[in-house]
Amino acid sequence: MQLNHYLNFQGETEAAFNFYKSVFGGEFSFIKRYSELADAQISEQERNYLLHVSLPINEFTVLMGSDVTEQFCAQSHVPFVKGTNHYISINFEADEEAEARHLYQALSINGQIEMALDQTFWGALYGAFT
């Protein structure tokens with residue numbers, strides 16, 4: 001299991017992560033835009049938004065982020081608010097799904113589910129809550 005920080009922005013992820021890269025050094029290990037999705041239903045403005053970016057900080061930590069689209073905010077019923085755009089990401093190996101489900105269940109008790117833990121279109125088991 002690995003804990004990482006995940007930041008959400010709305011059209012500012014690329015600039016923010018270029019800044020973080022200038023401070024921490026290194027290279028992005030992954031970067032993907034919404035425009036690279038075949039069936040992305042997003043506005044023309046959001047096509048250049050980042051779906052996901054990963055910047056390894058050291059051997060134990062990866063800073064990750066994405067741009068939140070209007071559609072995502074509508075579906076999750078959680079508006080984007082600057083200052084509340086920080087998540088902690090818990091990453092597991094593929095054979096640790098049972099542990100991932102256990103922690104999601106335990107940590108989300110009395111919380112607000114933003115996205116139920118389930119398989120995603122990008123192939124990962126993912127869920128979010130506050």
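This chain uses plain numbering: 1 for the first residue, then up along the sequence.
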Ring pair (Phe, Tyr, Trp, His ring centres under 6.0 Å) partners for Phe30, two or more places apart: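 Partners of Phe30 under the ring pair (Phe, Tyr, Trp, His ring centres under 6.0 Å) test: His52.
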Taking ring pair (Phe, Tyr, Trp, His ring centres under 6.0 Å) as the definition, give me every residue that meets it alongside Tyr20, ordered by chain and number, with sequence neighbours left out.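 Tyr20: ring pair (Phe, Tyr, Trp, His ring centres under 6.0 Å) contacts with Phe17.
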Determine, stepwise, if the pair Ser108 / Ile113 fulfils side-chain contact (heavy atoms from CB on, under 4.5 Å). CA-CA 7 Å; Ser108 66; Ile113 303 297; 3.8 Å; yes
Hphob cluster co-occupancy, Val23 + Phe60, side-chain heavy atoms under 4.5 angstrom: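 Val23 and Phe60: separate clusters.
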Please tell me whether Leu103 and Ile109 are part of a single hydrophobic cluster in this structure, the criterion being side-chain heavy atoms less than 4.5 Å apart.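 Unlinked, Leu103 and Ile109 end up in two clusters.
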Of all heavy-atom pairs between [X] and [Y], which one has the smallest distance, and what is that distance?
X	Y	result
Tyr49	Gly11	CE1-CA, 3.3 Å
Ala100	Leu117	O-CD2, 4.1 Å
Pro56	Glu27	CD-O, 3.4 Å
Leu55	Gly25	CD1-O, 3.9 Å
Tyr104	Met115	OH-O, 2.9 Å

Test your reading of the model: is there a side-chain donor-acceptor pair from [X] to the backbone of [Y], 3.5 Å cut-off?
X	Y	result
Asp118	Leu125	no
Arg33	Asn48	yes
Asn4	Thr61	no
Ser43	Glu46	yes

Does atom [atom1] of [X] have more than 12 heavy-atom neighbours from other groups under 6.0 Å away?
X	atom1	value
Gln119	CD	yes
Glu96	CD	yes
Phe28	CZ	yes
Gln45	CD	no

Find the distance between CG (Asp67) and CD (Glu14) and round it off to the nearest 0.5 Å. 8.5 Å
Spacing of Leu63 atom CG and Asn58 atom CG [to the nearest 0.5 Å]: 11.0 Å
Kindly determine whether Met64 and Tyr6 satisfy side-chain contact (heavy atoms from CB on, under 4.5 Å), including the steps that lead there. CA-CA 5 Å; Met64 297 181 286; Tyr6 202 101; 3.4 Å; yes
Could you walk me through whether Lys32 and Leu37 pass the side-chain contact (heavy atoms from CB on, under 4.5 Å) test, one step at a time? CA-CA 9 Å; Lys32 187 171 193 136; Leu37 297 176; 4.2 Å; yes
Applying the side chain to side chain contact (heavy atoms under 4.5 Å, CB included) test to Ser66, which of Leu50, Val53, Leu7, Asn8 qualifies?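 For Ser66, the side chain to side chain contact (heavy atoms under 4.5 Å, CB included) test succeeds with only one of Leu50, Val53, Leu7, Asn8, which is Asn8.
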Mind checking whether Leu107 and Phe129 have side chains closer than 4.5 Å, heavy atoms only? yes
Steps toward side-chain contact (heavy atoms from CB on, under 4.5 Å) verdict (Gln105, His102): CA-CA 5 Å; Gln105 177 78 19; His102 167 75; 5.9 Å; no
